[in-house]
Amino acid sequence: MPSYRYLRDLKPEDQKPEPPPEYSQKEKAKNWWHYHWGWVAGGVALVALVVYFVVTTLGRTQPDYTIGIVTPFSPPDQLTSQLASSLAPLLPDKNGDGQTVVAIEVYTMAPAAEEGEETSGITAADADPYTQMAGVTRLSATLSSADNFIFLFSPDEAQAYQDIYQILGWPDGRKADEGTDITQLSIAFEDCSTLAGLDLAYTYFDDTPLNGQEYFTGYRVGLRAIAGTSIETKKNALENWQSDHEIFTLLTQ
C-alpha cells in the first residue's frame, strides 16, 4: 500500500476510478436471479392462482337454485346430495343451460346464547370454534349477496338463528320484526307436501339404509326477507327473490 506521503498531495481529479468489473452473461443472470427470484416466484404463483380460478369457475356447472341449511351439525353428504338430486326434476331450468341443478349450502354453526338464557339446542359455547367461525363467515357472505333466499333451520336452534341474524321474512318479502315467532315465518319440513314426498333414502358409511325424511323432521323452511334489508337495491336481487319465492311456494304447498 503506498505511503501517506505519496498520496497526501493528490487531488481528487487526479485519482482515476477503478473500471467496473466485467461480468459474463452467466454471472449477470446469476446476479439478477439472486435479487429477483422472489418476484418471479410470486408472479408464477399469481398466474397459477388465476388459471386455477378460471378453470374451476368455467368448468363448474352453475346451479339454478341454492338452498341453505343452517345447523350446528352438518348433515351427511349423501343426504344433501340426495336432497339436491330429488329436487332437481321438480324445478324448471332457470339459467337455460338444458339442465336443472340444485345446490345445497350447509352452514355449520351454533347460535350464541345470552348469559343466563336457557336454550334447547346447542350453543356457540359448545361448538368447535373453527367450525363455528367458518360457518358464521360463510353465512355472513351469503347474507350480503342477493343470490339465494330459501333456508332450512335445524329445529332446536331455529328461533335463535332468526333472532340473531333476522334471515327469514314474511311471504311477501317484508323483513320481520325482531322477536317474531319462527313458526309464523316458516313451515315444518314434514308439513310441506312436496318436500315430505321426496325420496330421501340414503346409505351411510356401513351401507345401512337411512331415511332422510326422519332426519329433516322438525326442520323449519323459510324464505329470506328482501324489503327493508341491505340487499334490496342490489342488482338482480328482486328477480332472484321472485324466482325463489315461486320455488318456495312449490316446495311448501
Side-chain angles (χ1 to χ4, degrees), residues 53 56-57 60 62-63 65-85 87 101-115 117-169 175-176 178-183 185-189 195 200 202 204-205 210 212 214-226 229-231 234 237 240-241 244 247-248 251:
F53 176 79
T56 54
T57 301
R60 184 175 59 215
Q62 295 300 313
Y65 309 95
T66 301
I67 296 175
I69 300 179
V70 189
T71 172
F73 301 106
S74 183
D77 291 340
Q78 297 92 327
L79 175 54
T80 55
S81 296
Q82 182 65 14
L83 176 60
S85 60
L87 286 172
V101 177
V102 178
I104 307 296
E105 288 287 342
V106 179
Y107 307 91
T108 306
M109 50 181 283
E114 298 291 340
E115 185 176 354
E117 177 186 4
E118 294 186 4
T119 175
S120 57
I122 186 174
T123 67
D126 306 313
D128 175 75
Y130 297 104
T131 302
Q132 180 76 5
M133 183 184 301
V136 171
T137 301
R138 291 179 59 244
L139 180 62
S140 298
T142 296
L143 296 180
S144 67
S145 73
D147 297 328
N148 55 298
F149 291 89
I150 300 175
F151 281 87
L152 276 70
F153 290 168
S154 59
D156 290 337
E157 295 78 20
Q159 186 66 55
Y161 288 137
Q162 178 62 21
D163 290 344
I164 296 170
Y165 297 103
Q166 296 287 290
I167 300 174
L168 304 185
K175 185 177 180 180
E178 187 175 349
T180 301
D181 194 319
I182 190 68
T183 60
L185 306 172
S186 61
I187 305 174
F189 190 96
L195 292 176
L200 297 183
Y202 70 103
Y204 210 27
F205 296 112
L210 299 171
E214 295 178 357
Y215 186 98
F216 284 122
T217 296
Y219 268 70
R220 308 297 305 187
V221 186
L223 187 65
R224 186 178 164 196
I226 181 172
T229 68
S230 60
I231 63 168
K234 286 198 172 185
N240 290 337
W241 182 87
D244 277 11
I247 300 308
F248 175 74
L251 297 181

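- Looking at every heavy atom in both residues, Gln159 comes nearest to Ile182 through OE1-N, 2.8 Å.
- Using a 4.5 Å cut-off on side-chain heavy atoms (C-beta onward), Leu200 and Tyr215 make no contact.
- Side-chain contact between Asn240 and Tyr65 is absent, with no heavy atoms from C-beta onward closer than 4.5 Å.
- Minimum heavy-atom separation, Ile150 to Leu223: CG1-CD1, 4.0 Å.
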Could you check Phe149 against Ile67 for side chain to side chain contact (heavy atoms under 4.5 Å, CB included), going step by step and ending with a plain yes or no? CA-CA 7 Å; Phe149 291 89; Ile67 296 175; over 6 Å; no
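- When atom types are taken as modelled, the side chain of Gln162 and the backbone of Leu168 share a donor-acceptor pair closer than 3.5 angstrom.
- Residues Asp147 and Thr66 are not in side-chain contact: their nearest non-hydrogen atoms beyond the backbone lie 4.5 Å or more apart.
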Determine, stepwise, if the pair Met109 / Thr71 fulfils side chain to side chain contact (heavy atoms under 4.5 Å, CB included). CA-CA 6 Å; Met109 50 181 283; Thr71 172; over 6 Å; no
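- Under the 4.5 Å side-chain criterion, counting only non-hydrogen atoms from C-beta, Ile69 is in contact with Tyr219.
- Counting only heavy atoms from C-beta outward, the side chains of Asn148 and Trp241 never approach each other to under 4.5 Å.
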Are Leu139 and Ile167 close enough, and set up right, to give a side chain to side chain contact (heavy atoms under 4.5 Å, CB included), and what steps lead you there? CA-CA 10 Å; Leu139 180 62; Ile167 300 174; 4.2 Å; yes
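- The two residues Ser74 and Thr108 come nearest to each other via the heavy atoms CB-OG1, 3.4 Å.
- At least one side-chain heavy atom of Leu87 sits less than 4.5 Å from a side-chain heavy atom of Leu251.
- The closest donor-acceptor contact from the side chain of Arg138 to the backbone of Glu105 lies at 3.5 Å or more, if one exists at all.
- Pairing each heavy atom of Gln166 with each of Ala176, the nearest pair is OE1-O, 3.1 Å.
- Contact check for Leu185 versus Arg220: no side-chain heavy atoms found under the 4.5 Å cut-off.
- Here the closest heavy-atom approach between residue Pro76 and residue Tyr202 is recorded as CG-OH, 3.8 Å.
- Taking every heavy atom of both residues into account, Ser144 and Ala141 meet most closely at OG-O, 2.7 Å.
- Contact of the Val221 side chain with the Ser186 side chain is not registered, since no non-hydrogen atoms from C-beta on lie closer than 4.5 Å.
- Taking CZ of Arg224 as the reference point, atom CD1 of Ile231 lies at 3.5 Å (rounded to 0.5 Å).
- Of the N and O atoms on the side chains of Ser81 and Gln78, not one donor lies less than 3.5 Å from an acceptor on the other residue.
- The aromatic rings of Phe151 and Phe153 are tilted relative to each other, their planes meeting at an angle between 30° and 60°.
- Between the side chains of Tyr107 and Thr142, at least one donor N or O lies within less than 3.5 Å of an accepting N or O.
- Between Phe216 and Phe189, the ring center distance clears the sub-6.0 Å criterion.
- For Ser154 (side chain) and Asp156 (main-chain N/O), no donor-acceptor pair under 3.5 Å exists by modelled atom type.
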